Amino acid sequence: MSAPRVKRSAPSDKVAPQRKSGVRINRLHKWDLDLNEAKAVQRGLSKLVRLDSLGGEPRFIAGADVAVSPSGSLRFARGRVSADATPTRVFAAVVVWDAETRAVVETATRIGETRFPYIPGLLSFREAPTLLEAFSALSTRPDAAIFDGQGIAHPRRFGLACHVGLWLDIPSVGCAKSRLIGTHADLPQDRGAQVRLVDDGEVIGSVVRTRTNVKPVFVSPGHRIDFASATRLVLKCAARFRLPEPTRLADQLSKRAKASGPHDV
DNA sequence: GCGACAG
DNA sequence: ATCTTGTCGC
């Protein structure tokens with residue numbers, strides 16, 4: 001009857017597209033799209049974003065950031081994006097940080113290239129591909145990830161943090177250094193102060209002061225996390241500097257990768 | 001038509 | 001984002 005339980009080899013902790021919390025991405029859309037196709041993809045995938053409350057405190061936090069080589073000129077032609085003639089180098093870095101010991105657990109960098117220009121609102125189509133490759137290089141699966149960009153605080157409620165978070169089906173948070181959309185009230189100068197970021201009558205994130213007398217950051221849920229948890233996580237990781245430790249370290253790593261070796265692609 | 005506009 | 005030196009402030 002009960003056949004000896006074949007001890008299922010622990011599924012590699014490799015970070016790869018998952019299918020949890022009922023979210024499923026049956027077909028991975030391509031990244032080489034034109035302006036309207038990209039927006040359509042965002043509108044469609046935004047419906048899969050879930051602002052669940054994560055169970056328990058995340059311990060291993062991944063920080064992700066990208067450094068790019070100077071991009072050429074972008075141009076549009078009949079609604080299509082005619083990217084630079086010469087692809088832009090993309091140096092993606094991911095740093096897994098242990099919130100308990102406050103130490104780096106693992107890092108991964110990946111060099112790629114893109115012809116998709118930077119267009120406000122379509123950042124993920126330029127950075128996500130290489131970023132996903134970096135995540136795939138990790139041997140451990142982070143409990144959550146913080147991105148250097150917006151989550152749902154986006155025109156179509158689908159910023160970089162949502163895109164990558166949904167793709168990897170991992171709790172994700174968007175922590176941008178500046179505003180993309182939305183309005184908010186002034187906030188106190190004290191660390192920890194926060195006000196809601198609103199767009200079209202709905203709350204899309206929060207403006208958070210991580211350091212006294214320092215410009216605030218824009219926090220918004222990416223996927224599988226609620227507003228309160230997102231803000232809490234950012235404040236927890238950003239106790240010393242303006243940016244959360246994971247993304248701050250990823251920022252340094254990506255820039256080092258760019259400076260030390262624009263080698264293989 | 002004129003601004004605004006993550007990185 | 002990237003190009004860049006020194007400099008004012010906590």
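Not measured: the values here are computed from a predicted model. Quick note on labels: first sequence line is chain A, next is B, and so on, each numbered from 1.
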Interface polar pairs with nucleotides 2-5 of chain B, N/O, under 3.5 angstrom:
unit_1 : atom_1 : unit_2 : atom_2 : d
B:dC5  : OP1    : A:R179 : NH2    : 2.6

Can you confirm whether [X] is buried at [atom1], in the sense that more than 12 heavy atoms of other residues, nucleotides or ligands lie under 6.0 Å from that atom?
| X | atom1 | value |
| --- | --- | --- |
| A:R59 | CZ | yes |
| A:D186 | CG | no |
| A:R191 | CZ | yes |

- Set of residues satisfying side-chain contact (heavy atoms from CB on, under 4.5 Å) with respect to A:S220, sequence neighbours excluded: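 Counting only residues at least two positions away or on another chain, A:S220 forms a side-chain contact (heavy atoms from CB on, under 4.5 Å) with A:Q150, A:I152, A:A153.
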- Task: Please list, chain by chain and in numerical order, all residues satisfying side-chain contact (heavy atoms from CB on, under 4.5 Å) with A:T130, sequence neighbours excluded.
- Result: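 Once residues adjacent in sequence are excluded, the partners of A:T130 under the side-chain contact (heavy atoms from CB on, under 4.5 Å) criterion are A:V90, A:A92, A:R110.
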- Task: Grab the stems for DNA chain C, please: at least three consecutive Watson-Crick or wobble pairs, both distances below 3.5 Å, written as range with range.
- Result: none
Could you check how far [atom1] of [X] sits from [atom2] of [N], rounded to whole Å?
| X | N | atom1 | atom2 | result |
| --- | --- | --- | --- | --- |
| A:L160 | B:dA6 | CG | C1' | 8 Å |
| A:K255 | B:dG7 | NZ | P | 11 Å |
| A:L131 | B:dG7 | CG | C1' | 12 Å |
| A:R126 | C:dT2 | CZ | P | 10 Å |
| A:I204 | B:dA6 | CD1 | C1' | 12 Å |
| A:L197 | B:dA6 | CG | C1' | 12 Å |
| A:K215 | C:dC10 | NZ | P | 18 Å |
| A:E127 | C:dA1 | CD | C1' | 8 Å |

Looking for any heavy atom pair under 4.0 Å, which part of the strands does [X] touch: base, sugar-phosphate only, or nothing?
| X | result |
| --- | --- |
| A:D148 | sugar-phosphate |
| A:G174 | nothing |
| A:A67 | sugar-phosphate |

- Note on the structure: Distance col, row A:L243:CG vs A:R211:CZ, nearest 0.5 angstrom, shows 10.5 Å
- Between NZ on residue A:K236 and OG1 on residue A:T231, distance to nearest 0.5 Å: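 Separation between the atoms: 14.0 Å.
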It should be established whether [X] places a side-chain nitrogen or oxygen under 4.0 Å from OP1 or OP2 of nucleotide [N].
| X | N | value |
| --- | --- | --- |
| A:T212 | C:dC10 | no |
| A:K258 | C:dT2 | yes |
| A:K177 | B:dA6 | no |

- Query: Would a hydrophobic clustering, with Ile, Leu, Val, Met, Phe, Trp and Tyr connected at side-chain separations under 4.5 Å, put A:V203 with A:I225?
  - Reply: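 The answer is no; the residues belong to distinct hydrophobic clusters.
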- Message: Tell me whether the rings of A:H29 and A:H163 are parallel (<30°), tilted (30 to 60°) or perpendicular (>60°).
- Response: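 Because their plane-to-plane angle lies in the 30° to 60° range, the rings of A:H29 and A:H163 count as tilted.
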- Task: Describe, in one word, how the ring planes of A:F135 and A:F147 are oriented to each other, choosing from parallel (under 30°), tilted (30 to 60°) and perpendicular (over 60°).
- Result: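 It falls in the tilted class, 30° to 60°.
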- Dot-bracket for DNA chain B, please, read 5' to 3', with Watson-Crick or G-U wobble pairs under 3.5 Å on both distances, ( ) within the strand, [ ] crossing, | other strand, . unpaired. .......
- Task: Please examine the side chains of A:E245 and A:R102, heavy atoms only from C-beta on, and report whether any two atoms are closer than 4.5 Å.
- Result: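 The answer is no; the side chains never approach within 4.5 Å.
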- Task: Evaluate the criterion side-chain contact (heavy atoms from CB on, under 4.5 Å) for residue pair A:H223 and A:R50; output intermediate values, then yes/no.
- Result: CA-CA 5 Å; A:H223 181 52; A:R50 292 291 173 275; 4.0 Å; yes
- Run the numbers on A:D148 and A:K177 for side-chain contact (heavy atoms from CB on, under 4.5 Å), then give the verdict. CA-CA 8 Å; A:D148 187 13; A:K177 299 185 293 297; 2.9 Å; yes
- Side chain of A:D65 (C-beta onward), nearest among C:dT2, B:dG7, B:dA6: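 So the side chain of A:D65 is nearest to B:dG7.
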- Interface with DNA chain B, restricted to residues 229-246 of chain A and to heavy atoms under 4.0 Å: none
- Yes or no on side-chain contact (heavy atoms from CB on, under 4.5 Å) for A:Q194 and A:L235, after CA distance, side-chain angles and deciding distance? CA-CA 10 Å; A:Q194 55 178 286; A:L235 278 172; 4.3 Å; yes
- Report the C-alpha separation of A:V173 and A:V234 in whole Å, then their side-chain angles, then the decisive distance to 0.1 Å, and conclude whether the side-chain contact (heavy atoms from CB on, under 4.5 Å) test is met. CA-CA 8 Å; A:V173 176; A:V234 168; 4.0 Å; yes
